[in-house]
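Take a look at the following structure, please.
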Amino acid sequence: MSSEILDNLTEPQLAAVTHKDGPMLVIAGAGSGKTRVVTRRIAWLISQGVWPSQILAMTFTNKAAREMRERVAALVGQAPQNIGTFHGCCARFLRRDIDKLDCGRTRDFTIYDDGDQKSIIKAIITEKRDLPKGVTPSFVAQFISNVKNGDAPYETVAVEMECPCSVKDIIELAQDYEKRLIACNAVDFDDLLRLTVDLLRKVPGMRDIYHNRFRYLLIDEYQDTNHLQYELMKLLVNEQQNVHVTGDPDQSIYSWRGADYHNIMSFGSDFPQAKIIKLEQNYRSTPSILNAANELIKNNSHRFDKNLFTENPDGVQVADLLTENDRSEAEWIRRKIAGAHAHGHPWRNFAIFYRTNAQSRTFEEEFIHYGIPYQLMGGVRFYDRKEIRDFLALLRLKVNPCDQQAFLRVVENFPQCNGIGHVTMNSIIRQAEESGRPLLEFLSSQQFRDSQKGNSTKAHRLRILSNWLDLIVKQPVTPVLDAVAGIEKASDFIENLQKQYGTENLSARKENMESFISRAADFTKNYPEASLADYLEDVALVADVDAHDPEADSVVLMTLHSSKGLEFPCVFIAGCEDGLLPHSLSCDRPSEEDIEEERRLFYVGITRAKRAAYLTHVKIRFRRGMLTAADPSPFLGEIPEGLRKRIEYKDGIERIRTRDYYDTPYIPPPKKNHGLRWSY
DNA sequence: AAGACGGAGGTTTTT
DNA sequence: CCTCCGTCTT
């Protein structure tokens, strides 16, 4: 056994690493070396003779999966294949076994993301007129997701969600949506999990096969699992109950997406023999930071009993800073960072977190003005840019010739399809369905061209479209780079950008396309055997946080949500104001649960900091086009005075504050639109 | 079917 | 302040 597998581990870490059979829960506080424990444990299992292929490890992000794979490989020289995200693993299972399940899809199914989902739903709502106003695409999407995620029947979900239309109508919408997905041979994100659960539950013998294949199951960030993921876990657990979950209930910040931290709270009762280990020593932060965070999170009532401590040397006090407005907030932070940089601190040591993406703008302007390098996470995803989505639609149509959604997008956005509108498209889709052939195959066939006789403009246009699509069909699907480059050429993509957008952001769009090609080239280098379908799956399942580049020397700007799992020497949390943090919309009917989740979000932010944390708030914030008087976040007052240095910054001068709003007890404002507002 | 205009609405978003 | 719709116009 490679000796380093067990090197430098504390008592509880060692116990967690060397636990072999039976269920185990590791409650891993922020910065307590969780990743190290999980990776060492995988390496240890392998060193004990477990085959790497018998280990299944599921994470929430690609980044976590990649990191885990790399670190295990560094320890034992080989990385297990089955480390991936929940959705990625499920997609792999379904690619292999979906035929065995009677769900209307084949193994070449396409994965639809939120955008595709929304546009299908919108189309269905429009088709079905006379629905009340409240039936928005997002409501229907939420309804469908809730139905797929839970065990409750449609009716119950509809009542619970206070459905604005009749139960019959909403059920019909959901069923139409499902039919549409099946017609496109597509699945949505929830389906990846749901169909895998069905596969294990309904297909005889499946569970045994999977139990045999995966002897050891590991789940990371267990506090963020939703109902389906929980079901999946239970189905995958074998007779020896070799299930190992790690997480921290205090860092559960995704309940609005269905995550349920009760899953982690009740692991002990789900598995009465479970061994429970708590990792409470923090290796990341100074005592000042950790104490402040501990004091804050103590205010949550639903918690797993634990108390983080550290043996790190102490550093500077946590500071809370008050400035006049959002501009001066950015100015102070920029000066602080620039000053430190002048003393030799690299830019990458600094991160700014905020509650809403809209807040990033002020910082960007400030940093551009002063020439400070920064990387912005979030906002519009690379693969969500319009021109990229257009191109992807073409690729998708090629891979899945039934993909109506992709077809519609192509027709709407490619100049080759100018002059062809909704009416024509829908009639073509119907004709294809009647002919029983996949849409693309039907359209690009000689037969279709022959059927478009005559010299009418429409027939002419359709023949051109058909020829063009035929050219796309004839491109190779592997290697990926050849496929992508071939289709780019065959579609005249770059020239079309010019036609479509004129000079409007043209160079940026061209750059995006170049970047897309070079990403495809990278992918091809890593997976020379992969097909276009594999590539599209990879693209469908990546997120932008994966793009954070810790090597680049730049200040990092991101939301509090995306900061989870990262660490920085110096952290600024901007906009610590009532209404922003906690956010007023999340607390519309301020249930204690909502407030507690916002508090956890703040807790996550603070515990990212290794050496220094600055919590900033302003008196007046420019928001939604108006100046808004802002009160400090009630959470600031929950950090005791002794743990919090209070600074005020005004007219370029910094001074210590002695008195604050929150020296007096906090009284919640009576209405949603509290405070003073005045128009510009 | 494409462009122009006005109104509404605007957390977070691992996949 | 922004962006995203829907509708109205050509």
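In what follows, chains are A, B, ... by sequence order, proteins preceding strands, each numbered from 1.
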Legend entry - Partner set under side chain to side chain donor-acceptor pair (under 3.5 Å) for Gln359(A), not counting sequence neighbours: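 Counting only residues at least two positions away or on another chain, Gln359(A) forms a side chain to side chain donor-acceptor pair (under 3.5 Å) with Thr356(A).
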Legend entry - side chain to side chain donor-acceptor pair (under 3.5 Å) partners of Gln229(A), counting only residues at least two apart: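 Listed in chain order: nothing, the list is empty.
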Legend entry - Nearest-angstrom distance from the residue atom CZ of Arg461(A) to P of dA1(B):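 In whole Å, dA1(B) P lies 9 Å from Arg461(A) CZ.
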Inset, instruction - Could you measure between the two P atoms, the one in dT12(B) and the one in dC5(C), and give it in whole Å? - result: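 The same atom, P, in both gives a distance of 16 Å.
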Look for any protein N or O under 3.5 Å of an N or O in nucleotides 2-5 of chain B and output each such pair with its distance, or none.
residue	atom	partner	partner atom	Å
dA2(B)	OP1	Asn418(A)	OD1	3.3

Legend entry - Reference residue Asp220(A); test salt bridge (charged side-chain N to carboxylate O under 4.0 Å, His left out); the match among Lys34(A), Lys63(A), Lys564(A):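 For Asp220(A), the salt bridge (charged side-chain N to carboxylate O under 4.0 Å, His left out) test succeeds with only one of Lys34(A), Lys63(A), Lys564(A), which is Lys34(A).
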Legend entry - With Thr35(A) via side chain to side chain donor-acceptor pair (under 3.5 Å) - residues at least two apart: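 Residues passing side chain to side chain donor-acceptor pair (under 3.5 Å) with Thr35(A): none at all.
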Legend entry - d(CD, Gln142(A); P, dT13(B)) in whole Å: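 One finds 16 Å between P of dT13(B) and CD of Gln142(A), rounded.
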Inset, instruction - Could you measure between the two C1' atoms, the one in dT14(B) and the one in dT3(C), and give it in whole Å? - result: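 So the two C1' atoms sit 25 Å from each other.
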Inset, instruction - Mind checking Asp114(A) for me? I need base, sugar-phosphate or nothing, with any heavy atom below 4.0 Å counting as a touch. - result: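 Here Asp114(A) touches the bases of the nucleic acid.
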Legend entry - Electrostatic pair Glu364(A)-Arg361(A), nearest N-O below 4.0 angstrom: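 So Glu364(A) does not pair with Arg361(A) through a salt bridge.
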Inset, instruction - Send over the distance from Gln359(A) CD to dG10(B) P, rounded to a whole Å. - result: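 Distance check: Gln359(A) CD to dG10(B) P gives 17 Å.
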Legend entry - Residues in ring pair (Phe, Tyr, Trp, His ring centres under 6.0 Å) contact with Tyr603(A), at least two apart in sequence or another chain: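 Ring pair (Phe, Tyr, Trp, His ring centres under 6.0 Å) list for Tyr603(A), sorted by chain: empty.
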Legend entry - Presence of Arg624(A) side-chain N/O under 4.0 Å of dT11(B) phosphate oxygens OP1/OP2: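 Yes, such a contact exists.
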Legend entry - Asn357(A) side chain near dT12(B) phosphate (N/O to OP1/OP2, under 4.0 Å):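 So the side chain of Asn357(A) is within the cut-off, an N or O lying under 4.0 Å from OP1 or OP2 of dT12(B).
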Inset, instruction - For Arg385(A) and dT3(C), give me the distance from atom CZ to atom C1', rounded to whole Å. - result: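 That distance rounds to 15 Å.
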Inset, instruction - Just jot down the ring pair (Phe, Tyr, Trp, His ring centres under 6.0 Å) partners of His227(A), sequence neighbours excluded, or say none. - result: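 None.
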Legend entry - Distance test, side-chain N/O of Ser562(A) to OP1/OP2 of dT13(B), below 4.0 Å: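 Indeed, a polar side-chain atom of Ser562(A) lies that close.
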Inset, instruction - Just grab all the salt bridge (Lys or Arg N to Asp or Glu O under 4.0 Å) pairs involving residues 405-420 of chain A, residues at least two apart or on different chains. - result: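 Output for this query lists Asp390(A)-Arg409(A).
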Inset, instruction - For Asp224(A), answer base if it contacts any base atom (sugar-phosphate contacts may also be present), sugar-phosphate if it contacts only those atoms, and nothing otherwise; contact means non-hydrogen atoms under 4.0 Å. - result: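 Base, at least one base heavy atom under 4.0 Å.
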Inset, instruction - Name every residue in residues 250-260 of chain A that has at least one heavy atom under 4.0 Å from any atom of DNA chain B, in order of residue number, or write none if there are no such residues. - result: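 Result for residues 250-260 of chain A: Tyr254(A), Trp256(A), Arg257(A), sorted by number.
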Inset, instruction - Name all residues meeting the ring pair (Phe, Tyr, Trp, His ring centres under 6.0 Å) criterion together with Phe60(A); count only those two or more places apart in sequence or in a different chain, and write none if there are none. - result: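 Phe60(A) satisfies ring pair (Phe, Tyr, Trp, His ring centres under 6.0 Å) with Phe86(A) only.
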